[in-house]
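First up is the structure itself, then whatever we jot down about it.
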Amino acid sequence: MQKQVYLQTYGCQMNERDSEEILGMLTAQGYAIVQREEEADVILLNTCSVREHAEARAFGKMGIMQQLKRQRPDLVLGILGCMAKAQREEVFRRLPQVDLVAGPAEIYDLPDLLAQVAEKRQRQGLVAAIPDHGPLPPSRSRILALDRQVRPLDRKPAGDYRRGQVTAFVTIMEGCDKKCAYCIVPMTRGQELSRPMQEIVEEVQQLARAGYKQVTLLGQNVNSYGKRFPDGSGYQGPGRRRRLLELEAEPGAASQGVAEGLPLIDFPVLLRHIDAKTSMARVRFTTSHPFDAHEQLFCAMAECPTVCEFLHLPVQSGSNGVLRAMRRGYTVEAYLSKVARLRELIPEVALSTDVIVGFPGETEEDFEATRALMAEVEYDSAFIFKYSPRPGTEAASWVDDVPRPVKEARNQALLALQEEISRRRTTRWVGREVEVLIEGRNRRGQLAGHTRGNATVVCEGPNTCIGELAIVRVVRAKGTTLIGELVP
Ligand code: SAM
Ligand code: SF4
């Protein structure tokens, strides 16, 4: 009988794409995807560890799921992703009936790992019955896979699965080499590794041929794409990258660089290749660390017609003291000058950011500096997070000294400020014609999509528009949504 899998994803877009890859591999093995846990033979949670809240949700969900095993001891439960890696002890302690625990670097092994669970059960005879009441015993068929440091990117998994038909995610690199003091990602996802450029270009072209109109290139810091490839090549570090850029600028020296096997492949080069060599209509990317966002990136954005005029550039704080403590590697002044240069090259560019409030040692003055920066930059949108200590990170050993109510108040103040700015920024489109990628219908049955700057647009129109680029005249704004009419 066909096995059924249910998979729930927590966290970032990289996790969403990982979940698609997992479902692709499992469907290639004959599994059917189901939308309800009760119908599944295998329940998988692809988890996130960036904040405590995300972990609490996954623990809560799996806590309920493992009770299902009292009626169905043959059910297979798996915790995958960052929380599996960061919290393995807690997973064992709190979720004794979980059968499979696998980190982000092990996702390509999943079909094998599930086969190992089945084999272990077979060897032990029938799965042991679990009493109706009382504490759950530990699973006897538990398989752990957490030791790999980096995902083997040269091993292309079988099968392909995408949730959408208009827009798609394309992972261009794994891991993160930054060491932001608050962040668990370098621990859970390991060292940076970039996928070969040709492979990415081919994947984007295949998606274009299949009818997709937009790709979002994904990485924890796409701006350091190309630093290290699976075959050991790559520009290695920012210093070497600078040198290669200089070489390319010197007349005649570029060929010398090429002869030495040194041509620079970095993120702007990748954007230019995708723009020139594929027929994809729109290209987005996330996330950009400000330290590595350079003039070359801004020029590539300005010059490549397919690259959307949108940049997510997480600032985290408007205080130099806090930025230093966070180990972000840039100052407020450097950040602002990058924003100014980008706006000079692309005046209509839409900007978004991430901000953390209540980082250890954040004073009222530091917080006011963040508020002032947000008012000055006028982002189109922003994610505001309350600092959450993550065990194992550098900042976790510091006193979490901003009281919870103060974090909450700072969070609310920035949300209110941003909402007002976002609404104001949205109204600048009223009365203008914009290009919209129509992605589907919203709950009210209207066509819905996004502008190149990522503003949400709704309008009336036929189904034939879905999956197409349409010109829409914006009539009014409701909150941060633009309401418009199709231009025939
Ligand atoms: N790589 C991306 C970058 O550097 O911008 C983002 C990665 S992280 C998954 C997304 C956001 O979560 C970060 O930009 C940061 O604002 C937030 N974040 C990370 N660790 C956090 C923590 N310990 N507490 C609160 N927010 C956190
Ligand atoms: Fe985390 Fe910093 Fe890496 Fe982003 S750049 S994933 S915040 S360590």
Side-chain angles (χ1 to χ4, degrees), residues 9-18 46-56 81-83 85-87 104 150 171-194 216-225 227 238 267 285-293 311-319 322-330 335 338 351-362 370 373-374 379 381-398 400-402 404 407-408 410-411 414-415 418:
T9 310
Y10 297 84
C12 64
Q13 292 162 321
M14 295 202 75
N15 258 15
E16 283 180 39
R17 178 60 195 141
D18 287 350
N46 191 10
T47 60
C48 168
S49 254
V50 166
R51 281 168 292 279
E52 197 183 350
H53 181 64
E55 289 188 345
C82 291
M83 190 179 97
K85 184 92 174 174
Q87 298 281 0
V150 188
T171 302
I172 63 164
M173 59 197 291
E174 255 301 313
C176 180
D177 284 356
K178 300 281 180 207
K179 294 278 176 291
C180 301
Y182 50 81
C183 185
I184 194 79
V185 171
M187 235 172 89
T188 59
R189 285 193 173 261
Q191 222 185 26
E192 257 173 46
L193 193 61
S194 301
T216 303
L217 309 176
L218 298 178
Q220 293 298 343
N221 175 18
V222 290
N223 295 330
S224 62
Y225 173 82
K227 193 168 149 190
F267 188 58
F285 55 87
T286 197
T287 299
S288 285
H289 190 297
F291 177 85
D292 301 295
L311 185 66
H312 181 62
L313 198 61
V315 67
Q316 312 297 0
S317 171
S319 150
V322 175
L323 286 177
R324 210 174 309 116
M326 287 177 164
R327 316 253 182 262
R328 286 292 284 180
Y330 53 84
Y335 181 93
K338 292 190 184 203
L351 282 172
S352 75
T353 200
D354 292 344
V355 169
I356 298 177
V357 292
F359 188 73
E362 186 189 65
T370 303
L373 176 133
M374 289 179 68
Y379 295 100
S381 59
F383 298 95
I384 320 286
F385 303 111
K386 287 174 273 184
Y387 170 67
S388 162
R390 303 287 60 221
T393 60
E394 188 185 4
S397 61
W398 305 339
D400 182 14
D401 56 357
V402 179
R404 200 181 283 243
K407 280 185 191 164
E408 185 58 42
R410 289 179 184 173
N411 187 43
L414 294 190
L415 285 173
Q418 185 55 45

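Both counts, for ligands and for their atoms, begin at 1 and track the order of listing.
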Next item on the list: Give the residue, atom name and distance (to 0.1 Å) of the protein heavy atom nearest atom 7 (S) of ligand 2.
Entry: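 For this ligand atom, the closest protein heavy atom is Y182 OH, 3.5 Å.
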Margin query: Test side chain to side chain donor-acceptor pair (under 3.5 Å) on D18 and N46; report intermediate values, then the result.
Written below: CA-CA 8 Å; D18 287 350; N46 191 10; 4.9 Å; no
Note to self: Please identify which of these residues, K178, K179, E394, meets the side chain to side chain contact (heavy atoms under 4.5 Å, CB included) condition with R327.
What the structure shows: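 For R327, the side chain to side chain contact (heavy atoms under 4.5 Å, CB included) test succeeds with only one of K178, K179, E394, which is E394.
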Checklist line | side chain to side chain contact (heavy atoms under 4.5 Å, CB included), paired with R410, selected from I356, V355, V402 | finding: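 It is V402, the one option of I356, V355, V402 that forms the side chain to side chain contact (heavy atoms under 4.5 Å, CB included) with R410.
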Next item on the list: For S381, check side-chain contact (heavy atoms from CB on, under 4.5 Å) against everything at least two apart and list the hits.
Entry: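 Testing S381 for side-chain contact (heavy atoms from CB on, under 4.5 Å), a comparison that skips the adjacent residues, returns S352.
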Check: How about F359 and Y387: are their ring centroids closer than 6.0 Å?
Finding: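 Here the rings of Y387 and F359 have centres that are less than 6.0 Å from each other.
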Note to self: Between K407 and D400, does any side-chain N to carboxylate O distance fall below 4.0 Å?
What the structure shows: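 D400 and K407: salt-bridged.
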Check: Taking the inter-plane angle between the rings of H289 and F291 on a 0 to 90° scale, is it parallel (under 30°), tilted (30 to 60°) or perpendicular (over 60°)?
Finding: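 Perpendicular, since the angle between the ring planes exceeds 60°.
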Item checked: E192 versus S224, side-chain donor and acceptor atoms under 3.5 Å ->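 Short answer, yes.
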Item checked: R51 versus Y182, side-chain donor and acceptor atoms under 3.5 Å ->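 Note: Y182 and R51 side chains miss the donor-acceptor criterion.
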Notebook entry, point to check: Of all residues at least two apart in sequence or in a different chain, which pass the salt bridge (charged side-chain N to carboxylate O under 4.0 Å, His left out) check with D354?
Noted result: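 Checked D354 against salt bridge (charged side-chain N to carboxylate O under 4.0 Å, His left out); zero matches.
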Next item on the list: Keeping waters out of it, list the protein N, O or S atoms under 2.8 Å from atom 2 (Fe) of ligand 2.
Entry: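 Those protein N, O or S atoms (cut-off: under 2.8 Å from atom 2 (Fe) of ligand 2) are C180 SG.
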Could you check ligand 1 for N or O atoms lying under 3.5 Å from protein N or O atoms and list the pairs with distances?
unit_1   : atom_1 : unit_2 : atom_2 : d
ligand 1 : 1 (N)  : Q220   : O      : 2.7
ligand 1 : 1 (N)  : Q220   : OE1    : 3.1
ligand 1 : 12 (O) : R51    : NH1    : 3.0
ligand 1 : 14 (O) : Q316   : NE2    : 2.8
ligand 1 : 14 (O) : D354   : OD2    : 2.6
ligand 1 : 16 (O) : Q316   : OE1    : 2.8
ligand 1 : 18 (N) : R51    : NH1    : 3.4
ligand 1 : 23 (N) : Y182   : O      : 3.0
ligand 1 : 23 (N) : S388   : O      : 2.8
ligand 1 : 24 (N) : S388   : N      : 3.0
ligand 1 : 26 (N) : R51    : NH1    : 3.3

